[in-house]
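Notes to accompany the following structure.
Basis for what follows: all heavy atoms, side chains included, without hydrogens, waters or symmetry-related copies. Just so we're on the same page: letters track the sequence lines, and every chain starts at 1. All values reported here derive from a predicted model rather than from experimental measurement.
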Protein chains: 2
Amino acid sequence: MKDVAARAGVGLKTVSRVVNEEPGVTPETERRVQEAIEALGFRRNDSARVLRKGRTASIGLVLEDLADPFYGPLSRAVEEVARAHGALLINGSSAEDPEREQELVLALCARRVDGLVVIPAGDDHRYLEPEVKAGVATVFVDRPAGHIDADVVVSDNFGGARDGVAHLIAHGHRRIGFIGDMPRIHTAAERLRGYRAAMEDAEITVEDSWMSLGVTDPERVRRAAEEMLTGPEPVTAVFAGNNRVTVTVIRVLAGHTRPVALVGFDDIELADLLQPGVTVVAQDAAALGRTAAERLFRQLDGTLLTPERIVLPTRLITRGSGELPPAG
Amino acid sequence: MKDVAARAGVGLKTVSRVVNEEPGVTPETERRVQEAIEALGFRRNDSARVLRKGRTASIGLVLEDLADPFYGPLSRAVEEVARAHGALLINGSSAEDPEREQELVLALCARRVDGLVVIPAGDDHRYLEPEVKAGVATVFVDRPAGHIDADVVVSDNFGGARDGVAHLIAHGHRRIGFIGDMPRIHTAAERLRGYRAAMEDAEITVEDSWMSLGVTDPERVRRAAEEMLTGPEPVTAVFAGNNRVTVTVIRVLAGHTRPVALVGFDDIELADLLQPGVTVVAQDAAALGRTAAERLFRQLDGTLLTPERIVLPTRLITRGSGELPPAG
DNA sequence: TAGAGCCTGGACAACGTTGTCAGATGCGGG
DNA sequence: CCCGCATCTGACAACGTTGTCCAGGCTCTA
């Protein structure tokens with residue numbers, strides 16, 4: 001900038017004025033400055049700008065895994081909102097590791113992001129308190145925050161799972177299996193609660209052998225599903241706790257002749273083209289991201305004061321697999 | 001930091017030393033400083049640090065659409081490499097709009113990212129020249145850069161498409177349709193070239209009505225596919241130019257009784273569970289991202305000097321749909 | 001005990017920008 | 001001809017950190 005000023009034969013501040021389109025610069029002067037900028041290939045250094053202004057026009061997004069198809073649309077939605085507010089998006093994957101989540105969040109805070117959208121891996125976010133106090137807007141998505149008062153945007157995991165399981169019950173099933181993630185993950189716990197609630201509503205006593213909790217890698221999901229299907233009390237239907245489980249269960253069922261009903265949490269691509277089509281409880285990932293980001297920017301505007309918990313509805317999409325009658 | 005120094009009763013620089021774990025501080029002094037840091041909830045301001053040091057420890061990733069399942073793993077791979085080098089990832093979607101790409105890239109440069117991984121939307125990157133000269137490491141992925149000498153990491157789009165089409169020819173097809181994206185997109189053009197090459201190798205004259213270029217939204221792909229399948233010279237096989245086209249074509253074929261062979265570019269989830277399984281030419285998105293990011297950091301190390309063009313192989317995965325014999 | 005050498009700690013400038021404020025310039029009116 | 005006013009311009013400090021350099025106190029040796 002100094003160089004530009006020297007070349008244009010003007011003061012530093014005048015260049016700054018031109019760059020920021022502030023009023024009070026003669027067209028002639030502006031032309032000279034623009035010329036110098038062009039000639040020198042000058043680009044404003046935002047780091048210095050940030051240092052002076054205090055705002056970075058960037059927000060951080062911490063999620064579990066960018067490669068998971070569920071987070072792609074969510075991430076994209078957050079980005080769109082950020083873009084509409086002239087902000088850039090910095091993101092990182094926590095890989096479901098609380099320590100890594102904290103490390104990422106603090107790194108983002110050191111960058112002085114204006115706000116954070118966090119899909120928590122851990123369940124204790126007291127480490128964020130000083131940051132929040134220092135003015136970093138924060139919204140938690142998909143799962144609630146732990147030990148901290150903050151905005152939360154989640155899907156109705158409990159209700160969705162309950163409806164999905166009730167749907168199976170309505171089609172005559174009583175022995176219904178549940179395969180889900182570790183209950184320490186809030187969404188997994190809620191979905192399990194939904195499963196239990198639906199079963200209880202129908203006065204069905206759940207056998208331990210019908211449930212598999214905390215399995216997550218395909219191989220173990222596969223084994224868990226096989227056990228449920230072939231045990232002494234084989235299930236006639238399975239409720240899959242998330243998209244990855246659903247996919248694996250579909251593969252397992254494809255290897256069996258006895259038709260087994262299936263409802264999965266989260267929609268999956270091509271679900272309609274399989275035989276039978278896969279019935280799912282779909283959540284709107286994009287809406288989660290959009291809602292969270294919009295709240296974030298309202299916090300930054302100062303329009304928003306009290307933290308709130310927003311629950312978005314899920315939607316049961318029937319495609320065939322969930323409507324199969326009990327067999328075996 | 002000033003406050004910390006005051007509270008600990010030491011000089012500014014001493015605090016800096018503690019924060020950066022520089023040697024030359026008595027344990028006792030360090031303890032006092034740590035205490036003050038803790039008490040005040042101090043966090044180093046990276047903006048100021050960047051301003052002073054010149055390096056931001058962050059890299060930018062510009063891609064087409066974060067929500068596209070092809071870019072998730074790519075993005076994740078870049079992030080992993082960045083993380084290994086202690087850098088954060090800032091990313092943005094260009095939405096296939098050259099102007100938006102440029103806007104994003106320049107915004108990232110203003111942030112003084114150390115390097116850029118770009119999946120180009122446009123075909124002229126001369127606007128990047130001053131930045132590259134100024135030391136911003138740059139790698140283009142998935143598609144080559146235009147009018148600029150830079151590292152490029154791409155899949156073998158030409159070879160992959162040629163092999164895929166040759167595979168169909170080997171199974172007896174001669175009337176083979178091609179549905180792809182706009183030829184101004186390099187990958188689309190290369191795949192088209194591969195299609196033509198395979199056809200030429202087999203001495204088949206391609207009819208214009210077999211090709212549909214530049215369609216991208218599902219509705220138009222659907223119409224294009226229908227026309228090919230029902231025209232006067234109906235095709236007996238289709239080569240789909242990317243994952244989104246493949247999915248739509250699968251839907252169209254599901255509505256027809258005559259079996260039509262299909263090979264798609266890019267792998268898709270659950271492709272093995274459909275009836276028939278979908279034969280694809282798969283590219284390794286994660287490898288693309290990893291390779292690009294690694295080259296980027298080697299540029300930053302100074303280990304790498306001359307720009308290179310790296311071509312990663314594709315892999316034909318046969319699952320049934322590509323091995324159907326001609327019918328009709 | 002004096003001088004050399006080492007270790008710790010602090011003062012100060014610099015990074016590139018923007019906000020504040022005051023100076024310069026030009027114009028019109030008294 | 002001079003004054004007041006409006007408009008444009010530039011000098012300077014400040015943002016929070018780090019690199020440089022020097023001071024002061026210590027230990028060790030002659």
Side-chain angles (χ1 to χ4, degrees), chain A residues 1-37 40-58 106-114 130-131 134-136, chain B residues 1-37 40-58 106-114 130-131 134-136:
Chain A
M1 195 148 169
K2 215 170 27 184
D3 300 338
V4 174
R7 183 178 179 117
V10 300
L12 216 51
K13 181 64 206 190
T14 303
V15 179
S16 171
R17 269 192 271 262
V18 171
V19 171
N20 293 293
E21 302 180 348
E22 286 172 34
V25 181
T26 335
E28 159 61 14
T29 311
E30 177 167 351
R31 198 191 47 73
R32 279 217 319 282
V33 172
Q34 287 290 10
E35 223 170 69
I37 287 178
L40 296 170
F42 166 81
R43 190 106 43 216
R44 180 177 62 198
N45 183 329
D46 272 349
S47 294
R49 177 165 223 260
V50 161
L51 182 58
R52 196 65 174 77
K53 303 212 107 170
R55 282 262 165 126
T56 56
S58 57
L106 293 183
L108 290 168
C109 288
R111 294 290 157 112
R112 293 294 187 271
V113 291
D114 296 338
E131 314 296 339
V136 181
Chain B
M1 194 146 171
K2 215 171 26 185
D3 300 338
V4 174
R7 182 176 178 119
V10 301
L12 216 52
K13 180 64 203 190
T14 303
V15 178
S16 171
R17 270 193 271 262
V18 170
V19 170
N20 294 293
E21 301 179 350
E22 286 172 33
V25 181
T26 337
E28 160 60 15
T29 311
E30 177 168 351
R31 198 190 47 74
R32 279 216 319 281
V33 173
Q34 286 291 9
E35 224 170 68
I37 288 179
L40 296 169
F42 166 81
R43 190 105 42 215
R44 179 177 61 197
N45 182 328
D46 271 349
S47 295
R49 176 167 224 258
V50 161
L51 182 58
R52 195 64 174 78
K53 302 210 107 171
R55 283 266 165 122
T56 55
S58 57
L106 293 183
L108 290 168
C109 288
R111 294 290 156 111
R112 294 293 189 272
V113 291
D114 296 338
E131 314 297 338
V136 180

> Under the side chain to side chain contact (heavy atoms under 4.5 Å, CB included) criterion, do B:R7 and B:L40 qualify, and how do the steps go?
Replying inline: CA-CA 9 Å; B:R7 182 176 178 119; B:L40 296 169; 4.0 Å; yes
Would one find a side-chain N or O of [X] under 4.0 angstrom from OP1 or OP2 of [N]?
X     : N      : result
B:N20 : D:dT18 : yes
B:T26 : C:dG9  : yes
B:R44 : D:dT18 : yes
A:S47 : C:dT17 : no
B:S16 : D:dT18 : yes

To the nearest angstrom, how far is [X] atom [atom1] from [N] atom [atom2]?
X     : N      : atom1 : atom2 : value
A:D3  : C:dT17 : CG    : C1'   : 14 Å
B:N45 : C:dC15 : CG    : C1'   : 13 Å
B:E22 : D:dT20 : CD    : P     : 11 Å
B:I37 : D:dT17 : CD1   : P     : 10 Å
A:R55 : C:dT18 : CZ    : C1'   : 17 Å
B:R43 : D:dT17 : CZ    : P     : 12 Å
B:R32 : C:dT8  : CZ    : P     : 14 Å
B:L12 : C:dC15 : CG    : P     : 18 Å

> Is the shortest side-chain N to carboxylate O distance from B:E28 to B:R31 below 4.0 Å?
Replying inline: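 Between B:R31 and B:E28 there is a salt bridge, with a charged N closer than 4.0 Å to a carboxylate O.
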Name the nucleic acid region contacted by [X], choosing base, sugar-phosphate or nothing; use a 4.0 angstrom heavy-atom cut-off, strictly under.
X     : value
A:V25 : sugar-phosphate
A:V19 : nothing
B:K53 : sugar-phosphate

Nearest to the side chain of [X], heavy atoms from C-beta on, is which of [options]?
X     : options                : value
A:R52 : C:dA11, D:dT9, C:dG16  : C:dG16
A:V10 : D:dG10, D:dT9, C:dG9   : D:dG10
B:M1  : D:dG10, C:dT17, D:dT18 : D:dT18

>> Let me spell it out: for each of B:L51 and B:G24, pick the nucleotide of DNA chain C with the closest heavy atom. Which residue's pick is nearer the 5' end?
In response: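 Nearest nucleotide further toward 5': that of B:G24.
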> How about A:E21: does its CD atom have over 12 heavy atoms from other parts shown lying under 6.0 Å from it?
Replying inline: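 Result for CD/A:E21: open.
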>> Let's test your reading of the model: under 3.5 Å, does the base of C:dG19 pair with the side chain of A:K13 as donor and acceptor?
In response: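 Such a pair is found, so the answer is yes.
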>> Does B:R17 contact C:dG10 through a side-chain donor or acceptor facing the base, at a distance under 3.5 Å?
In response: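 Such a pair is found, so the answer is yes.
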> Do we see a donor-acceptor contact under 3.5 Å between the side chains of B:N20 and B:R44?
Replying inline: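 B:R44 and B:N20 do have a side-chain donor-acceptor pair below 3.5 Å.
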> How long is the span from the CZ atom in B:R49 to the CG atom in A:L51, to the nearest 0.5 Å?
Replying inline: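 Rounded to the nearest 0.5 Å, the CZ-CG separation comes to 14.0 Å.
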> Do the side chains of A:T56 and A:R111 get nearer than 4.5 Å, heavy atoms only?
Replying inline: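 The answer is no; the side chains never approach within 4.5 Å.
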